[in-house]
**Q** 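Before I ask anything, here is the structure I am working with.
Computed from a predicted model, the values in this text were never measured in an experiment.
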Amino acid sequence: MRRLGVLLLTILGLATAVAAPASAGEPVIAATPPMGISWSRGWNQCPRIDDAKVRAGVDMLVSTGLRDAGYTYVTIAGCWAAKTRAADGRLQPDPAKYPDLPGLIAYVHANGLKFGLYSGTGALTCGSAMPGSRDHEEQDAQTFAAWGVDYLAYDTCGGENGVAAAAKKMGDALKNTGRPILFAMIDTFSNNYRQWEWAPGAGAHTWQLTSDMPEPLPIVMQAIDKQVPLAGHTGPGGWSDPGYLNFSFLDVAPRRTQFSLWALMNAPLIPNESFPLDTIANRDVIAVDQDWSGTPGAKVRDLSDGEVWAKPMSDGSVAVLLLNRGSYARTIPFDLAETGVAAAPAYRVRDLWAGTELTSTGTLRASVPALSSVFFRAWPGQPSTADPLVTLGVQLPEGFLAGQQVDGTVTLTNDGDTPITDASYAITVPAGWQLDGPAQVDVPRVSPGSTVTREITLRPTAAPAAKVLVGASGGYTSALGTRAAAGSAEVPLVTAPPAGTTYLSTRPWLYSENGSGPVERGSVANGRAMSVGGVGYQPNSGVGVHSPSVIRLFLGGACKSFSVQYGVDDVSSPQATVAFRVLGDGRELAATGIVRPGAKPAKLTIPVTGVQQLAIAVDDGGDGSAGEYADWIAPYVTC
């Protein structure tokens, strides 16, 4: 119950938004996160967009139903304007690419859509592609309003000095036009990078926090990690934008994961350049993004590379993302009670990407491939007709040694409230390994709330690869018919640290768990430099955590001692109370007792001779863990 209370405080404590509401009777611009499509937010891709392409985009939004799903803004970025202003100082469209910009805007409006343009805080925009709006804010705002512009992306690239004041000049100028123009700040090249502190006061309705990102999911997750502590700085009229959705080269699984995370955080949904309908047209996921219950989504569990994100919804349901950001497949379970959703004997569960209706008695569970996710929405109460939530999962150890067997389990779990029957599945192992016993498994019945487990042992028949992948696939029968199930897991080859001194922040971890946000190598509290008792540390000097936390590492009996400095980080709440522990093969080797903020860093040196697996843990002091950040400074083993 203590952990549940802490998680609820973490979620519910993020509800306050900084966006200023409109005056009574005024419509709220960006009452929900804006949705639309964009081209060439990067200045170096300007030649790829013109009048014809924008009109084709408008037609696509209408014909595919994306307009009716909420994608209302059509925005063009840099290079829409001529290189020089007109004689009277006004911006003028590039005559080759936009020979009739007012006519194009009228076409957008005639199709029930809104139109957006781009400018910046400098005399020139990013890459000197076109004139910026510095010292022309009032004139440009009036020009935009006269043309019928509905959205202005305003970039600080090219005008990095005094960005807050420059942004406010344009924000005020837009208000003075009397036209409701959404003001979207982009500040990814200046030295500020803290737009949430000044953009709302400048009149911005969105603020982009990261530069135009490459597509791989690990890079996307770096941007997501920066968003975790900012959830309280968002709400109707002002939305934090983690960065645009660039789907050009992403496979289906990672792009759907990114889209799900943006929806959980109530981020603007404005894909750039590429508009895959199999992702952006999902109305179930869009509904999560557009629903404002007063609380944005947040990470509620960090299980090594497995994470659980949840967002309370205004109708009493909860959206839950089971995320695998690692390179190994894994099964991720989660207790719905930890979200604060109302208790019920059964829950209606919808898989938002598969579109299937399921039931659960309180646990969400899925076998999640590497760099992928499963997105659920759960409502208290029993649906009229639905399959039980069934998971075929594979569990393996956290690592294996060369030449040794690998033991694990394959589980068939029924988290629903009706039985399944006639289950059958096959176990597959990679070349170089032999499975003890039969590969085919038959399970006559799995009762509601039950798990049937098959113990497995793999024996090596060849030199080991870097990892072992074990899969299971088959089917079962529910009250509604025959259903398929599949799952897999991978385990890496592990080695002991080399002779000499090895800093644990440089070693791969067998496992990590953290009370809030990810365990961080070289920083704490989402990228802050470590500081204990007023003593600051250089980046990459240790490991930063939030209680309760545990990190496990493989030593393989090769090391003699473990040394570290430790303390409560200065960013913590003044009421923080934590305790540090070191364990070897599950046996407690050292325990500090309660440590409080302000105490100078202390030091431990502990014998670890013969220890196979070392664990370093931070526990809260029994009074809740909100704001309890702790540092392991320069942890190292001598081997």
Side-chain angles (χ1 to χ4, degrees), residues 33-64 66-67 69-83 91 93-109 111-120 125-132 144 147-155 157-158 181-186 188 206 208 210-215 241-250 255 258-259 262 267-277 279-281:
M35 295 172 58
I37 59 174
S38 175
W39 293 270
S40 302
R41 282 170 83 171
W43 61 269
N44 56 325
Q45 299 183 21
C46 290
R48 300 174 60 182
I49 177 65
D50 57 17
D51 181 284
K53 193 166 186 177
V54 175
R55 290 175 187 266
V58 169
D59 296 342
M60 179 272 294
L61 288 176
V62 174
S63 64
T64 60
L66 288 177
R67 177 195 61 185
Y71 290 91
T72 56
Y73 287 99
V74 178
T75 70
I76 58 176
C79 306
W80 64 267
K83 289 285 188 179
L91 288 170
D94 183 317
K97 290 189 289 186
Y98 301 101
D100 181 14
L101 186 60
L104 174 62
I105 297 173
Y107 184 77
V108 171
H109 289 161
N111 281 278
L113 298 166
K114 299 179 181 180
F115 185 78
L117 285 179
Y118 168 96
S119 188
T125 61
C126 207
S128 301
M130 56 174 267
F144 299 148
W147 285 345
V149 170
D150 307 289
Y151 179 111
L152 178 66
Y154 206 53
D155 199 345
C157 175
I181 299 176
L182 191 150
F183 188 31
M185 280 306 307
I186 306 172
T188 59
T206 68
Q208 183 181 331
T210 56
S211 59
D212 301 340
M213 297 176 296
E215 292 90 347
D241 183 355
Y244 69 71
L245 295 160
N246 191 346
F247 294 137
S248 300
F249 304 105
L250 278 182
R255 74 173 177 239
Q258 184 179 359
F259 196 70
W262 261 236
L269 300 182
I270 304 181
N272 181 69
E273 299 270 348
S274 177
F275 316 121
L277 296 179
T279 300
I280 68 173

**Q** Which atoms form the tightest heavy-atom contact between Ala81 and Met130, and what is the distance?
**A**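 Taking Ala81 first and Met130 second, the nearest heavy atoms are CB-CE, 3.7 Å.
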**Q** For the CD1 atom of Ile280 and the CZ atom of Phe247, what is their distance to the nearest 0.5 Å?
**A**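 Between atom CD1 of Ile280 and atom CZ of Phe247 there are 7.5 Å.
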**Q** Kindly assign one of parallel, tilted or perpendicular to the pair Trp80 and Trp147, based on the angle between their ring planes and the thresholds 30° and 60°.
**A**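 The rings of Trp80 and Trp147 stand perpendicular, inter-plane angle above 60°.
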**Q** Which pair of non-hydrogen atoms, one from Leu152 and one from Phe144, has the smallest distance, and what is that distance?
**A**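 For Leu152 and Phe144, the tightest heavy-atom pair comes out as CD1-CE1, 3.8 Å.
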**Q** How long is the span from the CD1 atom in Ile49 to the CG atom in Asp94, to the nearest 0.5 Å?
**A**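 Answer rounded to 0.5 Å: 12.0 Å.
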**Q** As an exercise, state the distance from CG of Asn272 to CG of Leu245, rounded to the nearest 0.5 Å.
**A**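 Spacing of CG (Asn272) from CG (Leu245) equals 9.0 Å.
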**Q** Given side-chain contact (heavy atoms from CB on, under 4.5 Å), test Ile76 with Phe115 step by step and report yes or no.
**A** CA-CA 8 Å; Ile76 58 176; Phe115 185 78; 3.8 Å; yes
**Q** Specify the closest pair of heavy atoms between Pro131 and Ser119, including all atoms of both residues, with the distance to one decimal.
**A**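 The answer is O-OG, 4.4 Å.
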**Q** For the atom pair CG (Asp241) and CD1 (Ile270), what is the distance rounded to the nearest 0.5 Å?
**A**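 These two atoms lie 6.5 Å from each other.
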**Q** Quick one: does any side-chain atom of Lys53 pair with a main-chain N or O of Trp39 as donor and acceptor, under 3.5 Å?
**A**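 No; zero donor-acceptor contacts below 3.5 Å.
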**Q** Would you check if Tyr71 and Pro271 make a side-chain contact, meaning some heavy-atom pair closer than 4.5 Å?
**A**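 Yes - at least one pair of side-chain heavy atoms lies under 4.5 Å apart.
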**Q** Side chains of Tyr73 and Asp150: is there a donor and an acceptor less than 3.5 Å apart?
**A**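 Their side chains do not contain a donor-acceptor pair, so the 3.5 Å distance test is not met.
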**Q** Taking Arg255 for its side chain and Pro276 for its backbone only, find out whether a donor-acceptor pair lies under 3.5 Å.
**A**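 Not a single qualifying donor-acceptor pair exists.
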**Q** Can you find a pair of side-chain heavy atoms, one from Ile186 and one from Cys157, that are under 4.5 Å apart?
**A**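 A side-chain contact is absent here, since even the closest heavy-atom pair is not under 4.5 Å.
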**Q** Just verifying a value: how many Å separate Leu104 CG and His109 NE2, rounded to the nearest 0.5 Å?
**A**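 One gets 10.0 Å once the value is rounded to the nearest 0.5 Å.
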**Q** Trp262 side chain to Leu269 main-chain N or O, any donor-acceptor pair under 3.5 Å?
**A**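 Absent.
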**Q** To check you understand the geometry: which heavy-atom pair defines the closest contact between Asp155 and Cys126, and what is its length?
**A**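 Scanning both residues, the minimum pair turns out to be OD2-CB, 4.2 Å.
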**Q** Tell me if a side-chain donor or acceptor on Asp51 pairs with a main-chain N or O of Tyr98 at a distance below 3.5 Å.
**A**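 Between the backbone of Tyr98 and the side chain of Asp51 there is no qualifying donor-acceptor contact (under 3.5 Å).
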**Q** Which atoms form the tightest heavy-atom contact between Thr72 and Arg67, and what is the distance?
**A**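 Thr72 and Arg67 have their closest heavy atoms at CG2-O, 4.4 Å.
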**Q** OG1 of Thr64 to CG of Leu277: how many Å apart, nearest 0.5 Å?
**A**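 Reported value, rounded in 0.5 Å steps: 5.5 Å.
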**Q** Tell me, do Lys114 and Leu182 make a side-chain contact under 4.5 Å, heavy atoms counted?
**A**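 They are not in contact (no side-chain heavy atoms under 4.5 Å apart), so the answer is no.
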**Q** Closest approach of Asn111 and Tyr107, non-hydrogen atoms and distance?
**A**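 Smallest heavy-atom distance, with atoms named: ND2-O, 2.9 Å.
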